[in-house]
Amino acid sequence: MPTGSVKLQSIKKLGQENHSYVSDDEPAGSYMTMTNAKKNEKAQRNAEKPAIRVGFFQLFRFATWKEVLMMVVGSMCAVVHGSAQPLMLLVFGLLTDTFIEYDIELNELSDDRKECVNNTIQWKKNYTAAVTTLNHSDWSLMNNSTWEMLIPLKAIPCGLLDIEYEMTQFAFYYVGIGAAVFLIGYIQISLWVTAAARQIQLIRKMYFSKVMRMEIGWFDCNSIGELNTRMSDDINKINDAIADQVSVFLQRFTTFVCGFCVGFVKGWKLTLVIVAASPLIGVGAGLMALFVAKLTGMELQAYAKAGAVADEVLTSIRTVAAFGGEKKEVQRYDKNLISAQRWGIRKGLIMGFFTGYLWLIIFLCYGLAFWYGSSLVVDTEEYTAGTLLQVFFGVLIAAMNLGQASPCLEAFASGRGAATIIFETIDREPEIDCLSEAGYKLDRVKGDIEFHNVTFYYPSRPEVKILDQLSVAVKTGETTAFVGPSGAGKSTAIQLIQRFYDPREGMVTLDGHDIRGLNIQWLRSLIGIVEQEPVLFATTIAENIRYGRPGVSIEDIINAAKEANAYNFIMDLPQKFDTLVGEGGGQMSGGQKQRIAIARALVRNPRILLLDMATSALDNESEAVVQEALDKARMGRTTISIAHRLSTIKNADVIVGFEHGRAVEKGKHNELLDRKGVYFTLVTLQSQGDKALNEKARQMADSEEGPDRLSLSRTGSYRASLRASIRQRSRSQMSNMIPDSVSIAGDPSSTYPVLNANNSRFSAIPEEEEDELVEPAPVARILKYNQPEWHYMLFGSVGAAINGGVNPVYSLLFSQILATFSIADPVAQRNEIDSVCLFFVMVGVVSFFTQMLQGYAFSKSGELLTRRLRRLGFRAMLGQEIGWFDDHRNSPGALTTRLATDASQVQGATGSQIGMIVNSLSNIGVAIIMSFYFSWKLTLLILCFLPFIALSGALQAEMLTGFAKQDKKAMEAAGRISGEALNNIRTIAGLGKERNFVEMYEVQLEAPYQAALKKANVYGACYGFTQCVAFLTNAASYRFGGYLVRAEGLHFSLVFRVISAIITSGTALGKASSYTPDYAKAKISAARFFQLLDRVPQINVYSDKGDKWENFQGNIEFIDCKFTYPTRPDIQVLNGLNVSVKPGQTLAFVGSSGCGKSTSVQLLERFYDPDHGKVLIDGHESSRVNVPFLRSKIGIVSQEPILFDCSIVENIKYGDNSREISTDEVISAAKKAQLHDFVMSLPEKYDTNVGAQGSQLSRGQKQRIAIARAIIRDPKILLLDEATSALDTESEKTVQEALDKARQGRTCIVIAHRLSTIQNSDIIAVMSRGFVIEKGTHDQLMALKGAYYKLVTTGAPIS
C-alpha cells in the first residue's frame, strides 16, 4: 500500500536514520506484534520528540549589533510600560479615599445639629449648651440622640476638600500616564517589529539562496509545495516569535510582577487570602484544558473512523457505484458520525461546566476578598477603602496579565518549531553544490561520454534500483539514441550526465575525466538539453532564449531562433521577440514552446546536446518542423537522443536498447532488427499501429468528401493530445512495451495546422482562483438546516443573555461595597457588607448554571447540525456522476477534508456564534440601561469614549491576527519567483541560472521589507493608542464625576458604578468582535457545502426516472460511440466505436493501453455517457435507462479488485445491496468462485477481516472474492476488465476456471492481455485509437493475417 511508504518518508528527518517504527531498545521479535495504535503512537512520538531543536535565543542568531540595540531599548520600554497599570492603581486608591472622605463629610453635615468650625465638625453650640444646663431631675427626659451629643465627636476634618480640584489633579495624573504609555508603547512595538523585519529579511535571503544550491536529490525528498510553505508560513512564524510578541510578553510579565508587589506592599494579608483561592482557578483551567484536549482527541478519533469510511468509499467510488452501494455507505458513514457527535456534545457540556465553575470561583473570590477586606477597613482599621481596592485590583490585574502572557509562549514555541527546519536547511551543506567554484575546467572538450558500471537509486526511492551496472560509451560527434520501455533508466542516464545526481557505484566520465572532479557550472554550460515538456519562464521570448547564455547579443538570439526553425513564427507575432510567453509558457503551443527551448539550448553553443523525448508531445505538423530543427542542431555535436518514434531514431549513428537499468543491446537500426530484442518489439508494434491507422484515415477521407472534410482536422489535434494521455497512462503501467506515440505517416488530417488554443486557455487559469469564487451563504439558509434544534438554541440564548448581564451586575455590587464604607452606623454597615457579599455568591451560582446551559445547548445544536451536514454532503458526493470525481479538485483526499472541515466550520455561524452575539448584546444592553438609570449625564460622556474603547478592543484582536494577511499580499511577488524557481529547478540547474533567481528573489523581497518597516510604525501607534484610551476615558469620567458629585449631589458610588459598567461592556464589545470564531469563514464553508448539495449530477443515482423492463436479456450494441473524458476534453478516447454482442455471447477487446477498451466498459456501466452515438441495451438507449436498474444487471471484476475493510462475507454480500442475502447464497457463490475451500482453511472462516483495501489477502484470493461478489448479483452482463492480468500462473488457472464457470449463460465482455484467455471468445475485437480495426473469431482473425495475427505470432505482449 503506497500510502505507508509516503508516511514513513515524512517522518524521516533528513540526515537521520529512520527509527520511526522500531525503536532500538525493543527486542527484535516484538516488532510485528505491536498493535496498530501503539505503532502509530510510537511513530508520532518519534516524529515529535525532536521537533523543536532551536533554543529561544538561537532565534536571534542573525541579529547584528543594530538590531540587538533596538531590541534592548524596546525591552526597556516594555518593562516601563508594564509598570504603568499598577502605577495607576496607586492613583486609583487615593482617588477612592478622596471620594469616601468627601462622602463622610457630607453625611456628617447632613445632620443639622452639627456644623463645621475651624475645619473640624462639631455639635452646634446652642444644642450642646441646652443639654448641659438641664438639671439632674430631667435626665429622664433625655433620649438616645441627645445622649450621643455628650460624647465629643471624632475629629473629622471638613471644608478642606475641594472635590473638583482634587479630581482635576487626578485627571492630570491619568492623562500624564496615558501620554507616557502612548509614547512608550509606540517605541517598544516599533523597535521590536523593525528589528524582526531586518532579521527575517536576512533569513529569507539565506534560506532561498541555500535552497537553490541544494542538489536535485534533495528536492526529490522535499516536496516543492512544502518548501514554498516554509518560505511563506514558517518564516512568518519565526517572525511572530521574534517581533512584537516578545515585548508584549515582557510588558505583561512586568505588570504581573508589579501587580503582586503592589498587593503585598499595600496589604499582605488580603493578598494572601486572594492568592490562597487562586489554585482553585488554576486547577479548574488546567482540568478544562485537559478534558477539552482529551475530548477533542476522542471526537477526532471518532471522526477519523467516519473519515476513514468516507475516504475508503470515495477512493473506490467506481466499485461503490457499480454495486449500487451508495445508500448503504451513507448509513455506514452516519453510524460513525454518531459517536463523534456524542463526544462533541460532551465537550460542549464540559466546557460549559468548567467556564461556569471558573465564574463561580471568581465571584466567590470577589465575595471573600470584599468581606475580609471590609472587615480590615471597618473593624481593625488597618486599611483605608482605597488600599482595599489597590490590593484587590493589583492581584486581579496581575492574574489577568499572567493569563494574557501565555499565548505569547505559544508563538515562541511555534516559532522555534518552524526555525528548526529552516535553520537546519541553512546550515546544511549540499552534496552537489552547484554554486561552488571548486573543480577543474578542461581547456579542450572533445565530448566523449562514458558510463562505467553505474548503479543508481533515486534518493527519494532508495529501494528501487534504477540503473544496474550500466556501461555505455557515447562517442564525439555521433548521435546516440537510447530506446526502451518506460522506467528502463534512459532519462536517469541523461540526468547523471548533467550531474543532477551522483551514481551510487561506478562513474560517469567526460573525455576520461570523472565528472565529479569538474566544476559544475562549467560542466553544465557545455550541455544543451531539450526535454519532453520544455519549461519556459514567465518573461519574453528573447529573455527565455537569453537564459541559455548570459550576455548574448540579439544577433545570436536571432541566429539560434533561425536554427531552431522558430524565427518565422516569432516574427509573425505582434510583439515579435518581446512577446510574453505566459506562466510556464502557457500562451504558446507545444511546438512553439519546443522550438524556443531548442533555440535556448543552441544559443549556448553546447558541445553536448541531450534530447529527452523532444518531439513526443507534438502533433505531426509541429513534429516535422521541430525534428528538422533538431537534425540541424545535431551537426558536429555529441548528441544523445531518447525517443519513441521510429522516424526520430532510424537515422541515429548508434542505437542503445535499455531494459531494467542496463544497456542490453547496441548497434545500427538494421543490426538490431535482426537481433529480435527490445528494439524489434518496439518497431513491430509501432508499424502495426501505423498501418491500421492509415487504412482508417484513408476510408474516412474517401467517405467524407466535401464540406464535412473539415471535421476531420479535429482528429489530428485529438490524436496529438491523445499521445500525451497515452504517455501518462503508460508511465503508470511502468514496463509497458508499447511505443508511447505512433507517428501517423499518411494521415490526411496532418495537412491542417493544429491550433493549440485549448491548452493555452486552460493553463492560463491558475488553479487556486477557481476555489475562491464562492458567494458566502445566507445565514437564513444555514439556520434552516438547524431548524429541528430550535428549542436547544432558545434555551442556549436565554443562558447566554443571563451570562451577558453578569458583568454589569458585578460593577453594581462593586460600587455598592464602596458605598458601604461611608455609612456611619457600624451595624448597618456590617449588614450591608454581608448582604453584598452574599449577593456575589448568588451571582456566581446563577452564572455557573447558565454557563452550563449555554455550553450544552449550543454544542448540542451545533454538533447535530454538523452531523446532518456531513451526512447530506456525503450523500450528495456519492450521488455525483463518476466524471465529477475525475476532476483533481474532487480527489478523495480533498473531499474527505471538505467533509471534515467545512461541516464543522459551519458551526461557527450557528451554534456558539449565536451565544456569543446574544451574550455581548445583553452585556451592553444591561450596562447602558443601568447607567442611564443612575446618571444619564455621566453615561453620555462615557458613551462618547465607547467607540474608541470598542475600537481599541477590536484593534488589539486585529493586531494579533491582522497583519499576517498584509504580509502575505506583500510576499506574493517574491513567492511567485520562488515558486517558479522551485517548480522548474531541473531546468534552472541545467541552465546554471540559480544565481539569477536568487538575485531576482532578493530584489522582490525589498517591497515586503519596506512594507514591514512602515507597518512597524503604524502598528506601534495602534498599540500605543489602544493602551492609552482607557487612561484618557478614566481621566475625563472621574473629573466630570467629581463635578456632578459636588454640583448635583450625585452619590459617589454611582460614579464608580456607571464608569465600571460601561468600560467593562466596552471591552466586552471589542472582545466579542474578536472571539467569535470566524463568521465569514463559516459562511464561505457553508456556501461551498450548499454548492455541493445543489449540484445536479448529470447521471443521477438517486432518481427513479428512466426505463426499467421485465425480461432483461443482455443484448448490447455500441453504435458510433465517440467519447472524451470530461477532465481531458482535448483527448478523443473513443472515436466511433461500433460493436455488438448478443445475449450469452462473449466479446473480447484487445489493443494497446489507451485505446479505449476500459472506457467502453465504463460507458456500459453508465459511469459516463457517450458524447456522440449511443449504447443500446436490449434496444433501450443507455442514457434513458434507470441507473440503479441498469447497474443491478451488471457484474464487474476488474484488474485491481477493490475490497472494503470488513469481513469476507460482508465483501461478498456487497455484490447485491438491494436485499438481505442468506449465508447459503454466499457459500454457493464462493464455491462457484473456487473460493470456499480457501476460506474454510482460515481460522475465522467467512468472518476473516480482509484489511484495508484487502491488504491481508493475496491477489488471487482478492480476485476470487471479487468474482464471488459479482456472481451473487446474478448479473445478466458480466464485465471482466483484465481480471487475471495481475496474477501468477498458478492463481491465474484457478481464477480463470472460476471465470469460465461464471460466464455460462451470461453476456460477457472481456478485456485481456493474455491471448490464452481470449482465444475461445465468440467475438474478438482488436481496438486501436478508440475504434475497432478488426473483429471476428480467433480463427477468422488468424486467417486475416492482420494486426491480431502479428500479435499472436510474434508473441509480443498485447498491451
Shortest non-hydrogen contact from Leu812 toward Ser815
O-OG, 2.8 Å
Between Phe840 and Phe370, is the gap from one ring center to the other below 6.0 Å?
yes
Assess the pair Tyr810 and Tyr366: is the distance between their ring centroids shorter than 6.0 Å?
yes
Over all heavy atoms of both residues, which pair between Val918 and Ser797 is shortest? Give the atoms and the distance, please.
CG1-O, 3.5 Å
Phe1031 and Phe182 aromatic centres sub-6.0 Å:
no
Any non-hydrogen side-chain atom of Asn401 less than 4.5 Å from a side-chain atom of Gln85?
yes
Whether Phe353 and Phe848 hold their rings parallel, tilted or perpendicular, with breakpoints at 30° and 60°:
perpendicular
Distance (rounded to the nearest 0.5 Å) between Trp936 CH2 and Leu941 CG:
12.0 Å
Separation of Leu280 CG from Ile361 CD1 (nearest 0.5 Å)
4.5 Å
Side chains of Tyr1023 and Gln251 only: does a donor on one sit below 3.5 Å from an acceptor on the other?
yes
Taking atom CZ of Phe934 as the centre, does the number of heavy atoms from other residues, nucleotides or ligands within less than 6.0 Å exceed 12?
yes
When you look at Thr255 and Ser83, which way does the side-chain contact (heavy atoms from CB on, under 4.5 Å) test go after all the steps?
CA-CA 5 Å; Thr255 305; Ser83 54; over 6 Å; no
Mark yes or no for whether Thr939, through its side chain, and Ser931, through its backbone, hold a donor-acceptor pair below 3.5 Å.
yes
So do the side chains of Leu290 and Lys294 get within less than 4.5 Å of each other, counting heavy atoms only?
no
Could you report the tightest heavy-atom contact between Ala1061 and Met930, atom names first, then the distance?
CB-CE, 3.9 Å
Looking at every heavy atom in both Leu818 and Thr96, which two are closest together, and how far apart are they?
CD2-CG2, 4.0 Å
Are the aromatic ring centres of Tyr102 and Phe1052 under 6.0 angstrom apart?
no
With a 4.5 Å limit on heavy-atom distance, are the side chains of Met351 and Val292 in contact?
yes
Rounded at 0.5 Å granularity, tell me how far CG in Asn107 sits from NE2 in His1051.
6.5 Å
Applying salt bridge (Lys or Arg N to Asp or Glu O under 4.0 Å) to Arg346 and not counting sequence neighbours gives none
Determine whether Phe932 and Leu943 satisfy the following criterion, side-chain contact (heavy atoms from CB on, under 4.5 Å), listing intermediate values before the conclusion.
CA-CA 11 Å; Phe932 270 112; Leu943 283 183; 3.8 Å; yes
Does atom CZ (Phe253) have a neighbourhood of more than 12 heavy atoms from anything else shown, all under 6.0 Å?
no
Is Ser922 reaching over with its side chain to a backbone N or O of Ala801, donor-acceptor style, under 3.5 angstrom?
yes
Quick one: do the Thr384 and Thr387 side chains pair a donor with an acceptor below 3.5 Å?
yes
Are more than 12 heavy atoms from other residues, nucleotides or ligands located less than 6.0 Å from atom OH of Tyr1043?
no
Do the side chain of Asn803 and the main chain of Gly799 share a donor and acceptor less than 3.5 angstrom apart?
yes
May I ask you to check whether Phe170 and Tyr174 place their ring centres under 6.0 Å from each other?
no
Using salt bridge (Lys or Arg N to Asp or Glu O under 4.0 Å) as the criterion, list what pairs up with Lys269, not counting sequence neighbours.
Glu382
Greater than 12 external heavy atoms within 6.0 Å of Met288's CE
yes
Residue from Asn1034, Val181, Leu95 passing side-chain contact (heavy atoms from CB on, under 4.5 Å) with Met88
Asn1034
Quick one, Val91 and Leu87 - any side-chain contact, counting heavy atoms below 4.5 Å?
no
Which atoms form the tightest heavy-atom contact between Gln390 and Leu90, and what is the distance?
NE2-O, 3.1 Å
Roughly how far, to the nearest 0.5 Å, is CG of Leu106 from CD of Glu101?
12.0 Å
What do you reckon, are the aromatic ring centroids of Phe814 and Phe392 less than 6.0 Å apart?
no
d(Tyr792 OH, Lys860 NZ) to nearest 0.5 Å is 4.0 Å
Check whether any side-chain heavy atom of Phe393 sits under 4.5 Å from a side-chain heavy atom of Phe92, and report yes or no.
yes
For the residue pair Asp834 and Arg830, establish whether any side-chain heavy-atom pair is separated by less than 4.5 Å.
yes
Within the side chain of Ser1037, is there an N or O that forms a donor-acceptor pair under 3.5 Å with the backbone of Ile1059?
no
Backbone N/O of Thr820 and side chain of Gln829: donor-acceptor pair under 3.5 Å
yes
First locate atom CH2 of Trp371, then atom CD1 of Ile833, and finally report the distance between them rounded to the nearest 0.5 Å.
10.5 Å
Got more than 12 heavy atoms from elsewhere within 6.0 Å of CZ, Phe795?
no
Should Ser375 and Tyr372 be marked as a side-chain contact (heavy atoms from CB on, under 4.5 Å) after you check the CA-CA gap, both sets of side-chain angles, and the distance that decides it?
CA-CA 5 Å; Ser375 73; Tyr372 179 63; 4.1 Å; yes
Nearest heavy-atom approach of Ala369 to Leu270 is O-CD1, 3.7 Å
Considering residues at least two apart in sequence or located in another chain, which fulfil the salt bridge (Lys or Arg N to Asp or Glu O under 4.0 Å) criterion with Asp825?
none
For the rings on Phe249 and Phe412, is their centre-to-centre separation under 6.0 Å?
yes
side-chain contact (heavy atoms from CB on, under 4.5 Å) evaluation trace for Val275 with Phe260:
CA-CA 10 Å; Val275 171; Phe260 267 120; 3.5 Å; yes
Between Leu364 and Leu368, is any pair of side-chain heavy atoms under 4.5 Å apart?
no
